[in-house]
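Worksheet: one structure, shown below.
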Amino acid sequence: MAKIKITFPDGNSKEYDSGVTGLQIAEEISKGLAREALAVEVNGEVWDLNRKISSDAALKKIEERMVEFSAKNVPYVREERKWEDAATYFKEKKDPYKLELLEELKGQQITFYHSGDFTDLCYGPHLATTAPIKAIKLLSVAGAYWRGSEKNKMLQRIYGVTFPNSKELDEHLFRLEEAKRRDHRKLGQELEIFLLTPAVGGGLPLWMPKGTIIRENLVDFLRIEQKKRGYDFVMTPHIANLDLYKTSGHYPYYKDSQFPPILMPDGEQYMLKPMNCPHHHQIYLAKPRSYRDLPVRLAEFGTVYRYEQSGEMNGLIRVRGFTQDDAHIYCAHDQLKHEIMSTVELTQLVFKTFGMEVKIRLSYRDDKNVEKYGGDAAFWEQAQREIKEVADEMKLDYFIGVGEASFYGPKIDFMVKDALGRTWQLGTVQVDYVMPERFQLEYTASDGKKHRPVIIHRAPFGSLERFIGILIEHFAGEFPLWLAPVQAAVLPITDQYAEYAKQVLEQLKEGGIRAEFDDRNEKIGYKIRDWELKKVPYMLVVGEKEKSGNTVSVRQHKKGDLGAMSREAFIANITDLVQRKSLTL
Ligand code: ZN
């Protein structure tokens with residue numbers, strides 16, 4: 001017979017004899033929810049408490065009690081007490097945790113919240129009563145050290161959400177499930193897009209062949225659009241003299257988020273480039289510029305390095321080395337508006353291409369914290385007015401974010417909604433009057449005098465790494481045809497048709513289609529399921545009928561059989577979808 005003992009932090013324990021189930025134990029613990037159990041011992045063996053309590057059934061029980069309680073329409077009552085009274089109250093309740101918290105609030109007025117017979121220390125605010133809580137879901141249980149320190153006791157933390165109705169709860173749970181299913185770290189590995197390995201270092205992703213195809217297609221797309229708009233491409237190295245960043249102010253201004261300088265034996269100091277801007281400014285400075293040369297638009301897919309803390313890294317979203325789709329536009333004041341409009345138009349085109357909804361934020365400086373920003377008040381006033389005028393003239397749907405500007409100028413930020421309704425800050429367009437001063441940039445105007453140009457910094461994707469991470473989740477790994485690493489797989493029904501399948505493959509490749517050939521000795525049903533998992537848009541099944549008719553049988557991902565068509569018709573169809581960057585097949 002099992003002997004079971006539950007120990008609580010106040011030293012009390014309860015013993016059970018036989019026939020007690022894990023669920024009953026969890027119920028016991030849940031009854032005393034405020035005093036989490038310390039340990040559960042079965043025949044002298046201590047159970048893994050996390051695992052036992054986290055059983056769905058146990059959480060369900062706790063949920064039911066919460067629903068019962070909320071239906072009673074219990075008010076949350078706020079009460080202020082003198083510190084001494086508060087301390088006495090929790091001493092009587094024998095609550096060591098509240099007493100510990102109170103130690104730090106000595107002498108202050110203490111705020112209590114009462115609901116039913118539970119009293120919490122809290123500043124508030126709270127709901128007036130429990131009544132609006134109509135839908136509850138407990139999501140998980142995890143061990144958590146008291147106040148986040150591993151020197152303290154391990155307590156149990158239960159995570160849950162509540163909503164005013166079950167429809168909103170269901171939507172939330174659906175989005176959570178979808179986010180899990182679409183997680184770019186999981187899909188990135190399954191679909192062989194990128195690799196993060198400690199052998200190379202945290203936050204330094206390696207692009208695998210399939211990921212590189214996606215990346216190159218994005219780069220080509222933007223390169224072509226930028227060339228149409230008069231950009232010139234440049235390339236700059238990954239390290240530079242530290243003095244360059246002292247001039248720009250990036251060092252020591254952003255010192256904490258950069259890799260430390262590289263010190264050479266001869267005393268020279270270099271830095272991994274955290275920004276492309278100062279490099280481009282040098283190219284601008286390489287020759288005298290006249291008003292006839294402006295605007296000068298320098299673009300680069302430039303890789304930069306930032307030191308993210310290890311706890312802050314996250315798949316492709318937060319990395320230590322990434323490539324910006326960067327460009328700097330050097331223009332005269334009277335060209336500024338037109339140039340901003342053109343960059344806004346380009347950025348909008350980019351997000352429309354991926355079917356992403358965009359909201360626009362005009363990011364201003366915080367006038368109460370002027371020391372955080374370069375440049376004087378007149379520059380800021382002018383630059384902020386200019387971007388607002390552009391936004392109004394273009395009839396953009398925007399809102400203003402005070403304190404969101406960068407240190408050298410206000411920005412237009414593109415807040416992009418993905419398929420799950422999550423908002424990401426992606427493309428930015430920034431106006432900069434500070435760097436032209438610092439780098440002494442100038443051009444000769446038509447009056448023969450020297451003037452400072454204005455710089456626009458802009459990056460529609462932001463970083464290729466982060467953008468692709470977001471795209472993986474946005475499309476759930478089912479990329480539109482023009483980005484899909486493999487667009488079609490040719491599957492012979494048996495070995496007999498391998499020769500014909502190879503002919504089809506060659507024809508596809510000649511037609512510029514990324515195709516693979518599956519000659520594994522497996523049943524056709526198995527192959528179809530396998531390519532379905534790889535999320536390949538089309539499978540071309542070939543057997544006797546197709547060979548004699550010189551056709552292919554087309555299967556579309558998730559949709560199934562589309563019937564037979566001539567090889568030429570299939571190629572023409574797919575080429576058209578790719579050229580239009582169609583989001584659907
Ligand atoms: Zn820049």
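Nothing fancy with the numbering, it's 1 onward along the sequence. For ligands, and for the atoms within them, numbers begin at 1 and follow the listed sequence.
- Comment: Lys273 engages Glu300 in a salt bridge, judged by a side-chain N to carboxylate O separation of less than 4.0 angstrom.
- Minimum-distance N/O/S atom of His457 relative to the Zn ion (ligand 1): ND1.
- The name of the N, O or S atom in His328 nearest to the Zn ion (ligand 1) is NE2.
- Using bins of under 30°, 30° to 60° and over 60° for the plane-to-plane angle, the ring pair Phe221/Phe354 lands in the perpendicular bin.
- Thr444 and Ser290 share no donor-acceptor pair across their side chains, judged by distance under 3.5 Å alone.
- Look at His280 and the Zn ion (ligand 1): no N/O/S atom of the residue is under 2.8 Å from the metal.
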Fill in: Derivation of the side chain to side chain contact (heavy atoms under 4.5 Å, CB included) call for Glu532 and Met539
CA-CA 9 Å; Glu532 197 65 34; Met539 286 174 246; 3.1 Å; yes
